[in-house]
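Below is one structure, written out as structure tokens; the observations come after it.
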Amino acid sequence: MAILKHALFSFLVAAAIVTPAAAQPADDWPVAGPASAGFAPDAAAQLDAAFDRGELPDLHAVLVARHGKLVLERYFEGTDESWGTPLGHVRFGPETRHDLRSISKSVVGLLYGIALERGLVPGVDAPVLERFPDYADLGADVRRGRIRVRHALTMTLGTAWDESLPYTDRRNSEIAMERSRDRYRYVLARPMVAEPGKRWNYNGGATALLGHLIAAGSGKTLLAFAREHLFDPLGISQVDWASGADGVHAAASGLRMRPRDLARIGQLVLDEGNWRGRQVVARDWLKASFENPVQAQLGLGYGYQWWLGRGRGDGRRWIAGFGNGGQRLIVIPDLQLVVVVTAGAYNRPRDWETSVKLMRDIVLPAVSQP
């Protein structure tokens, strides 16, 4: 969740249970032998060996899809939790749901585009405060009135917000928001420290505002809207979305689903919003989401709730969702590659290390050109 956890991602960014083979079904995911998809056939063995040597701590699952087909799927064992509630030791498998944490934000970015296409939410240049008439008193600072939807999408609200503290600390802004009586007033009432659009600051409250606009415009809960317009079209049925004390879904961090289903979302992004012939998310929205990112930190860009960057070695563009604990959804269009990583390094400053090593040493070297 906090940006410091993802520092080295500017580079690219117990036992195995499943290895897809050409004849093996994975729900309705097409599967392929690695070699037929331009993927090294020994990548799975390398992954297992690295895990056994203790080089990939806290790793729970890895899925790799190339050209729309699963070529690698591995599950391990380890301790886990659900939005802070300990689950003990878990043996992970294809049916095991896993916290996505802040990858939830990227999903909300897709949902906003879907709602906008249906005329249910304001456009990206609409003032945010006008959509919260109960908080008109907050407009005393004229800068607050200049906050637009695009500033929420890109986390450039210009307000004070601190998620550098551990998420076990009540002073962490997202935790304080979840504990507040009125999460939206809490978010919008933060002191203005910059002109909107001028400074990026990691801000789960911005995602909460987007989630409210979707729910208010659709007349449905965020989860109900997501089921109808995103999850059901993709065949995703096993999903949970945690709620705060006020009963509102935690837009910034509450999603929980199977890794296979998260890979579907990655494939949707790779295929420009199209899922097996159905346009689920408008191409124009995805184009806007990934073009002209704002400068975040450490050389990373940030689009409409998605992390964006280029590989240091090859310059290839990547699109990603990051989540506390080492959760990753990585899309590399030039390689027709989708990678899902789930892990259990929650609230650890270096939770990015396992996913970086996995990508750098195992996944990317295994990929050949088409």
Legend entry - Salt bridge flag under 4.0 Å for residues D58 and R350: no
Legend entry - V108 versus G211, closest heavy-atom pair with distance: CG1-N, 4.4 Å
Legend entry - Greater than 12 external heavy atoms within 6.0 Å of R199's CZ: no
Legend entry - Closest heavy-atom pair and its distance - A37, V71: CB-CG1, 3.4 Å
Legend entry - Side-chain donor/acceptor of T221 to backbone N/O of A224, under 3.5 Å: yes
Inset, instruction - Provide the closest heavy-atom pair for S104 versus A251 in the form atom of the first, atom of the second, distance. - result: CB-O, 3.5 Å
Legend entry - Result of checking R183, R185, R190 against M177 for side chain to side chain contact (heavy atoms under 4.5 Å, CB included): R183
Inset, instruction - Mind listing the closest non-hydrogen atom pair of R317 and P333 along with its distance? - result: O-CD, 3.4 Å
Inset, instruction - Step through the shown structure and confirm whether more than 12 heavy atoms of other residues, nucleotides or ligands are within 6.0 Å of CZ on R227. - result: yes
Inset, instruction - For the pair D351 and R101, find out whether any cationic side-chain nitrogen is under 4.0 Å from an anionic carboxylate oxygen. - result: no
Inset, instruction - For E291, check salt bridge (charged side-chain N to carboxylate O under 4.0 Å, His left out) against everything at least two apart and list the hits. - result: none
Legend entry - Results of ring-ring contact (aromatic ring centres under 6.0 Å, His included) for H151 - residues two or more places apart only: none
Inset, instruction - State which residues pass ring-ring contact (aromatic ring centres under 6.0 Å, His included) with Y304; sequence neighbours excluded, sorted by chain then number. - result: W285
Legend entry - D261/R264 salt bridge by N-O under 4.0 Å criterion: yes
Legend entry - Minimum heavy-atom distance L209-V128, with the two atoms named: CD1-CG1, 4.3 Å
Legend entry - N-O pairing of R143 and E195 below 4.0 Å: no
Inset, instruction - Under the ring-ring contact (aromatic ring centres under 6.0 Å, His included) rule, collect the residues that match up with F225, sequence neighbours excluded. - result: H229
Legend entry - Contact summary for L157 and A206, nearest pair of heavy atoms: CD1-CB, 4.0 Å
Inset, instruction - Give the ring-plane orientation class for W200 versus Y202, where under 30° counts as parallel, over 60° as perpendicular and anything between as tilted. - result: tilted
Legend entry - Pairwise side-chain contact, I332 with L364, heavy-atom cut-off 4.5 Å (strictly under): yes
Inset, instruction - Answer yes or no: does atom CD of E81 have more than 12 heavy-atom neighbours from other residues, nucleotides or ligands under 6.0 Å? - result: yes
Inset, instruction - Taking ring-ring contact (aromatic ring centres under 6.0 Å, His included) as the test, write out the residues that go with Y186, two or more places apart. - result: W161
Inset, instruction - Kindly write out the residues that satisfy salt bridge (charged side-chain N to carboxylate O under 4.0 Å, His left out) with R181, not counting sequence neighbours, or none if the list is empty. - result: none
Legend entry - R179 atom CZ: more than 12 heavy-atom contacts under 6.0 Å: no
Inset, instruction - Using the six-membered ring wherever Trp is involved, compare the ring planes of F76 and F51 and label them parallel, tilted or perpendicular (cut-offs 30° and 60°). - result: parallel
Inset, instruction - Anything under 30° is parallel, anything over 60° is perpendicular, the rest tilted; go ahead and classify F92 against H98. - result: tilted
Legend entry - Salt-bridge contact R171-D162 (side-chain N to carboxylate O under 4.0 Å): no
